[in-house]
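Data first, discussion second: the structure below is written as structure tokens.
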Amino acid sequence: MNIITRFAPSPTGFLHAGNYRTALFAYIFARQNKGKFVLRIEDTDKERSKKEYEDNIVDSLKWLGLDYDAFYRQSDRTAIYGELIKKLIDSDKAYVSKETPIEAGDRSEVIRFRNPNKKVVFDDLIRGPITFDTTQFGDFIIARSLTEPIFHFVVVVDDGEIGTTHIIRGEDHISNTSRHILIYEALGLPVPKFVHIPLLLAPDRSKLSKRNGSLPITEYRNRGYLPEAVVNYLALLGWHPVDEKEILSMDDLIKQFSFERVQKASAIFDENKMRWFNREYLLKLNDDEFIERAKALIPAWLLNDSNNREVLSRVLPLVRDKTHTFGDIPKFFEVSGELSFIEKTPIYPKEMLLWKKNPSAESALKHLLESKKLISTIPENSFSAENIKNAVWPYTEANSRGDVLWPLRTSLTGLEKSPDPFISAFILGKEESLKRIEIACNLLK
RNA sequence: GGCCCUAUCGUCUAAUGGUUAGGACACGGCCUUUUCAAGGCUGUAAUCGGGGUUCGACUCCCCGUAGGGUCACCA
């Protein structure tokens with residue numbers, strides 16, 4: 001059987017992680033079976049559908065790497081729906097019904113489906129058999145008019161035409177399924193397989209929504225997440241491989257995925273773990289890839305000023321070491337950020353230079369003068385972190401590490417938290433480092 | 001409220017009748033260390049409750065309870 005799955009969002013708002021996880025499962029299942037994955041924009045609600053949201057859906061899928069084989073937009077297909085509604089009316093499977101409007105916008109005439117009022121059973125691939133008594137739905141509305149069909153109708157018509165074999169969608173559609181099956185039968189279409197994916201919940205266990213802080217998935221791109229990390233994390237929400245390996249590429253997922261291992265219960269979206277995944281993927285990048293992909297969040301003075309390219313290469317290991325998402329980078333360079341000392345000469349109180357375990361100004365000055373002497377012996381062209389350490393270390397060991405290294409580090413960075421003194425000095429260069437130590441000595445005198 | 005779905009550490013989950021109930025994230029401790037991270041080691045922590053079935057239940061059944069979904073002229 002040639003597998004066809006689809007992702008059928010309505011462009012009435014930004015879609016969140018839960019929506020894209022469902023899309024991801026549909027995509028993976030299609031690719032795993034060498035089938036087709038279709039994107040269908042469900043924009044029958046003309047009031048609320050916006051092009052902006054449709055564009056964001058297309059953009060998001062592209063970012064995540066979920067390429068689709070066909071694209072449908074329901075608003076392009078109004079005529080087709082009209083004809084099929086007419087056919088149902090002609091065969092008395094639907095009828096025009098007189099109504100008393102209740103809300104603004106309500107019509108005095110709608111098209112209702114003649115419900116055979118029976119029990120419908122379907123076999124959900126994740127949950128097993130589910131039974132509904134459709135009597136509870138009555139003769140439900142399938143269109144407001146011949147040109148204004150409703151979700152329940154178009155979704156069946158389109159999946160019939162596309163030939164969707166597996167309808168993979170959120171659990172919130174379970175109770176719609178029996179109605180849809182009734183329409184499949186009325187239309188004489190084969191009933192596809194249904195797969196209802198559990199919902200994603202916010203940390204407070206409520207449904208993911210704008211209110212509880214769920215974000216458009218593209219917002220994670222803005223915050224410096226890698227799409228491969230997002231995909232990996234999303235796949236592991238509600239699904240788990242046979243072994244305990246959690247770092248999985250899209251290819252791995254396509255190889256290993258199965259609905260049997262999809263959880264039945266809803267899962268809570270936890271950004272903490274996604275950050276961890278992102279760091280794992282960040283570690284796999286080489287330096288050039290890292291810079292290329294972090295571009296948007298590296299400070300402009302460091303990235304674009306050719307004089308600073310050398311500085312960039314020196315701080316890169318440090319930046320990489322402390323970064324979980326690219327979004328962490330700007331704050332290292334903000335005022336009093338851990339790397340803020342690079343761009344601006346630090347201004348700090350004298351007390352900053354005193355080690356808390358031995359807050360003596362004489363001691364700090366003595367060690368600082370000695371460090372300065374040792375550092376100045378290093379030739380300019382071999383001013384590396386390693387050589388700086390080698391020059392200072394024996395003296396450090398002969399005394400007390402803290403007594404020597406705390407004043408040295410703070411003289412260079414002026415910060416409570418910063419990289420170690422050897423790396424800091426290396427980044428600043430010999431001349432600038434000696435200058436800063438000199439300033440500190442004067443402050444202590 | 002009716003109908004439907006679900007229930008293992010705080011979170012994501014493994015274990016499909018027999019395990020000291022495993023792993024990951026987070027959290028704590030230790031090591032490393034001038035600081036902050038990172039890293040290494042390590043620790044705390046779970047089968048919702050009650051009945052069955054069974055020699056034996058996380059696992060099967062029933063009843064509760066809790067959470068979620070859905071009851072639109074939205075999708």
Side-chain angles (χ1 to χ4, degrees), chain A residues 8-13 42-45 47-49 74 97 99 101-112 124 126-128 130-138 140-145 148-152 154-155 169-178 196 198-199 201 203 205-207 233 236-247 260-261 263-277 279 283 317-318 320-324 328 332 338 355-358 367 396 400-410 413 415-421 424:
Chain A
S10 72
T12 54
E42 307 219 323
D43 58 348
T44 48
D45 184 339
E47 306 289 305
R48 298 195 300 147
S49 295
Q74 289 179 330
S97 163
E99 308 281 326
I102 295 165
E103 280 179 40
D106 281 3
R107 305 304 164 82
S108 53
E109 210 179 78
V110 297
I111 296 154
R112 286 184 181 274
D124 189 284
I126 292 175
R127 289 152 214 280
I130 298 174
T131 308
F132 274 96
D133 182 357
T134 63
T135 308
Q136 60 181 301
F137 303 120
F140 53 91
I141 295 169
I142 55 172
R144 308 208 301 172
S145 73
E148 296 163 296
I150 291 297
F151 164 73
H152 295 301
V154 294
V155 78
R169 52 172 30 161
E171 189 184 14
D172 48 337
H173 284 295
I174 284 188
S175 60
N176 291 330
T177 303
S178 55
H196 289 98
L199 264 19
L201 270 28
R205 301 210 71 87
S206 66
K207 196 182 172 183
Y233 174 64
L236 254 31
L237 275 180
W239 174 83
H240 202 85
V242 178
D243 60 25
E244 282 175 344
K245 276 209 189 75
E246 292 199 309
I247 302 295
E260 280 161 46
R261 297 186 70 82
Q263 210 73 13
K264 293 188 187 79
S266 310
I268 291 172
F269 181 81
D270 174 24
E271 193 176 341
N272 234 328
K273 186 148 187 184
M274 192 162 78
R275 276 179 68 79
W276 175 80
F277 270 109
R279 183 173 162 79
L283 259 20
L318 238 45
R320 296 197 56 163
D321 192 43
K322 289 171 184 281
T323 299
H324 277 74
D328 296 337
F332 298 141
E338 292 170 53
W355 191 36
K356 58 182 181 298
K357 290 185 186 167
N358 179 17
H367 294 308
T396 308
S400 134
R401 288 179 190 176
D403 282 338
V404 179
L405 295 175
W406 178 274
L408 180 57
R409 186 182 63 79
T410 49
T413 69
L415 294 167
E416 200 75 44
K417 307 174 192 174
S418 71
D420 76 54
S424 298

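Letters A, B, ... mirror the listed sequences (proteins, then strands); counts begin at 1.
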Give the B/S/- string for nucleotides 69-75 of chain B, one per nucleotide from 5' to 3', where a protein heavy atom under 4.0 Å of the base yields B, of only the sugar-phosphate yields S, and otherwise -. SS--BBB
With the sugar-phosphate defined as primed atoms, P, OP1 and OP2, and the base as all remaining atoms, what B/S/- string results for nucleotides 29-42 of chain B, 5' to 3', for protein heavy atoms under 4.0 Å? ----SBBBBS----
For a quick check, with a 4.0 angstrom heavy-atom cut-off, what is the B/S/- contact string for nucleotides 59-66 of chain B, read 5' to 3'? --------
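A donor-acceptor contact shorter than 3.5 Å is absent between the side chain of Arg205(A) and the backbone of Ile268(A). Not a single donor-acceptor pair under 3.5 Å links the side chain of Asn358(A) to the backbone N or O of Trp355(A).
His367(A) has its side chain out of reach of Trp406(A): every pair of non-hydrogen atoms, C-beta onward, lies at least 4.5 Å apart. Side-chain contact check for Asp328(A) versus Arg275(A): some heavy-atom pair is nearer than 4.5 Å.
The nearest heavy atom of RNA chain B to Ile130(A) and to Met274(A) marks one nucleotide each, and the one closer to the 5' end goes with Ile130(A).
One cannot find a donor-acceptor pair under 3.5 Å joining the base of A26(B) and the side-chain atoms of Lys273(A).
Comparing U54(B) with G64(B), their C1' atoms are spaced 23 Å from each other, to the whole Å.
Checking U13(B), G68(B), C5(B) against the side-chain heavy atoms of Ala267(A) singles out U13(B) as nearest. The listed nucleotides are G23(B), G67(B), C5(B); the one nearest the side chain of Arg127(A) is C5(B).
Counting any heavy atom pair closer than 4.0 Å across all strands shown, Thr131(A) reaches sugar-phosphate atoms only and no base atom. Residue contacts shown for Gly238(A) are limited to sugar-phosphate atoms, with no base heavy atom under 4.0 Å away.
Spacing between atom CZ of Phe277(A) and atom C1' of A26(B) amounts to 14 Å, rounded to whole angstrom units. The separation between Glu271(A) atom CD and C12(B) atom P is 16 Å, rounded to whole Å.
For the atom pair Phe151(A) CZ and Asn176(A) CG, the distance stands at 5.0 Å (nearest 0.5 Å).
Counting only N and O atoms by type, the side chains of Arg409(A) and Ser418(A) include a donor and acceptor under 3.5 Å apart.
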